[in-house]
Amino acid sequence: MPELPEVQTILDALAPLIWEQVIVDVSVLWPGVVDRPSVDEFVAAVRGRRVVQTSRRGKYMLFQLDDACWLIMHLRMTGNMRVVFREEPVQPHDRLVFHLENGRDWRFNDTRKFGRAYLVSDPDEVVGKLGPEPLDESFSAAYFIEKLAGRRAAIKTLLLDQRIVAGVGNIYADEALFRARVHPLRAAGSLQPREIAALVDAVKGVIAQALDEMGTTLRDYRRPDGSVGEFQNSLQVFRRTGRPCPRCGAMIERIVVGGRATHFCPVEQRLDA
DNA sequence: AAGAGACCCTGGATGC
DNA sequence: TGCATCCAGGGTCTCT
């Protein structure tokens, strides 16, 4: 579900509620949620630790603990987090609960069981291969031109490759391609430098706006206080199949690229450009 | 090395 | 109403 803006929005709301809190105990409600180390080792190592820092890398949330280990979590498609009073009943798809010293529970809920928790001494074990953050200056036209050179894969597929740029998912890939007027099936290596520069700008613009609007709620995504995001009101092509292009009025089309639903304007985004 | 496809899961929407 | 099928915001693994 969540892409960079949703992860950041959740983390921003969560961070002040867990900062400097000691995790007095851990309940693993579904063992598959713990990727590494073993469930027993994970629980033993996290218990009694204090959360000293929170950050985000791509779509991963990082929580540094006071023994210099890192708790890292990925929400995948349907994961979400909340901090609630301990008395609140456990919800149907709660998978992992951190009991905090202040009597509250930090709960990870994930319908589809794709989300994962990692406990590592070096964050690079998990996030080391990620590409630059889209809003960082290192994600530049020059960088992107170099990464796309010679690649025959569809440009959309490479936008979703977290090793090239970290945090872009299906929604923002489609929206950025529309803004840059690039067809999602264009061979990445065939893009002109000006098109790549426009795409970099479009990615930055879409991500920045979605951050400002607290993410996109299509179904599952909620901010930790239960409220929805706002960017769904700003979508121009994503899941708007058959509706008019906001720029030219042509009918938005849906195709499948790299196994993912893909939405674009066949007039604004030409394959033979 | 790069790219295509299977796979991991549950539940909501849609079709018959 | 009931059942089958398709679909979903992500990432990893295998095979070619």
Side-chain angles (χ1 to χ4, degrees), chain A residues 1-10 29-36 56-61 72-81 91-96 108-118 125-131 134 146-178 184-190 203 206-207 210-211 213-223 228-242 254-263:
Chain A
M1 153 183 90
E3 308 181 29
L4 187 159
E6 291 75 28
V7 175
Q8 185 70 54
T9 300
I10 291 170
L29 306 181
W30 178 69
V33 72
V34 177
D35 184 278
R36 70 187 79 159
R56 178 195 57 71
R57 184 77 176 85
K59 301 172 193 171
Y60 292 85
M61 294 179 178
I72 301 179
M73 301 199 64
H74 197 298
L75 305 176
R76 294 286 181 91
M77 297 283 266
T78 53
N80 208 339
M81 290 188 182
Q91 299 299 305
H93 304 102
D94 282 346
R95 308 298 183 196
L96 183 60
F108 175 66
N109 185 284
D110 181 27
T111 303
R112 291 177 68 181
K113 298 182 175 176
F114 286 168
R116 292 292 183 269
Y118 313 79
E125 288 181 41
V126 179
V127 300
K129 290 182 177 172
L130 293 179
E146 180 195 323
K147 284 295 177 183
L148 302 188
R151 300 290 298 266
R152 282 182 290 183
I155 181 59
K156 170 159 180 184
T157 301
L158 297 196
L159 269 180
L160 294 177
D161 186 338
Q162 303 298 298
R163 296 168 298 186
I164 294 178
V165 57
V168 177
N170 210 29
I171 298 176
Y172 303 117
D174 280 5
E175 292 295 314
L177 287 164
F178 173 76
L185 281 176
R186 288 278 301 285
S190 77
V203 167
V206 165
I207 294 294
L211 277 167
E213 298 183 4
M214 309 283 189
T216 303
T217 300
L218 296 175
R219 178 186 307 198
D220 306 292
Y221 166 67
R222 291 290 186 281
R223 294 157 61 191
V228 299
E230 296 174 1
F231 193 82
Q232 63 276 11
N233 302 315
S234 300
L235 295 174
Q236 299 188 90
V237 290
F238 191 80
R239 290 199 192 165
R240 295 180 60 83
T241 312
R254 178 190 185 279
I255 58 176
V256 175
V257 180
R260 314 298 301 280
T262 299
H263 315 75

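Residue numbers start from 1 in every chain, and the chains themselves are labelled A, B, ... in the order their sequence lines are given, proteins ahead of strands.
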Closest of B/dC9, C/dA8, C/dG9 to the A/Arg254 side chain is C/dA8
So, using salt bridge (Lys or Arg N to Asp or Glu O under 4.0 Å) as the criterion, who are the partners of [X] when residues are at least two apart?
X        : answer
A/Lys156 : A/Asp174
A/Arg57  : A/Glu133
A/Arg254 : none

If you define the side chain from C-beta out and look only at heavy atoms, does anything of A/Arg36 sit under 4.5 Å from A/Val126?
yes
Flag side-chain contact, heavy atom, 4.5 Å: A/Arg151 against A/Ile164:
yes
Using the P atom as the point on both nucleotides, what is the distance between B/dC9 and C/dC3, in whole Å?
25 Å
Between B/dG12 and C/dG11, how many Å separate the two P atoms, rounded to a whole number?
24 Å
Which part of the nucleic acid does [X] contact within heavy-atom distance under 4.0 Å: base, sugar-phosphate only, or nothing?
X        : value
A/Tyr172 : nothing
A/Arg116 : nothing
A/Arg239 : base
A/Thr157 : nothing

Rounded to whole angstrom units, what separation is found between the [atom1] atom of [X] and the [atom2] atom of [N]?
X        : N      : atom1 : atom2 : result
A/His263 : C/dC7  : NE2   : P     : 12 Å
A/Arg222 : C/dG9  : CZ    : P     : 17 Å
A/Arg152 : B/dA4  : CZ    : P     : 10 Å
A/Asn109 : B/dT10 : CG    : P     : 13 Å
A/Ile171 : C/dA8  : CD1   : P     : 12 Å
A/Leu148 : B/dA2  : CG    : C1'   : 14 Å
A/Phe238 : C/dG9  : CZ    : P     : 5 Å
A/Asp161 : B/dG3  : CG    : P     : 10 Å

Just to verify, what does A/His74 make a ring pair (Phe, Tyr, Trp, His ring centres under 6.0 Å) with, not counting sequence neighbours?
A/Tyr60
With sequence neighbours excluded, residues passing ring pair (Phe, Tyr, Trp, His ring centres under 6.0 Å) with A/Phe238
A/His263
Who are the side-chain contact (heavy atoms from CB on, under 4.5 Å) partners of [X], not counting sequence neighbours?
X        : value
A/Val33  : A/Val28, A/Trp30, A/Arg95, A/Leu96, A/Phe108
A/Gln236 : A/Glu175, A/Phe178, A/Arg179, A/Pro246
A/Arg223 : A/Thr9, A/Met214, A/Tyr221, A/Asp225, A/Ser227
A/Ala154 : A/Thr157, A/Leu185, A/Val257

Strictly distance-based, threshold 3.5 Å: is any side-chain N or O of A/Thr217 a donor or acceptor partner for the main-chain N or O of A/Gly229?
yes
Could you check whether the side chain of A/Arg112 and the base of C/dA8 have a donor-acceptor pair of N or O atoms closer than 3.5 Å, going by distance alone?
yes
Per-nucleotide protein contact string for nucleotides 11-16 of chain C (B base, S sugar-phosphate only, - none; heavy atom under 4.0 Å)
SS----
Would you say whether A/Tyr221 stacks on C/dG9? The test is a distance between ring centres of less than 5.5 Å and an angle between planes of less than 30°.
no
Table of protein N/O atoms under 3.5 Å from nucleotides 11-14 of chain B N/O atoms:
residue, atom, partner, partner atom, Å
B/dG11, OP1, A/His93, NE2, 2.7
B/dG12, O4', A/Arg219, NH1, 3.0

Applying the Watson-Crick and G-U criteria (both distances under 3.5 angstrom) with [ ] for crossing and | for other-strand pairs, one obtains for DNA chain C .|||||||.|||||||
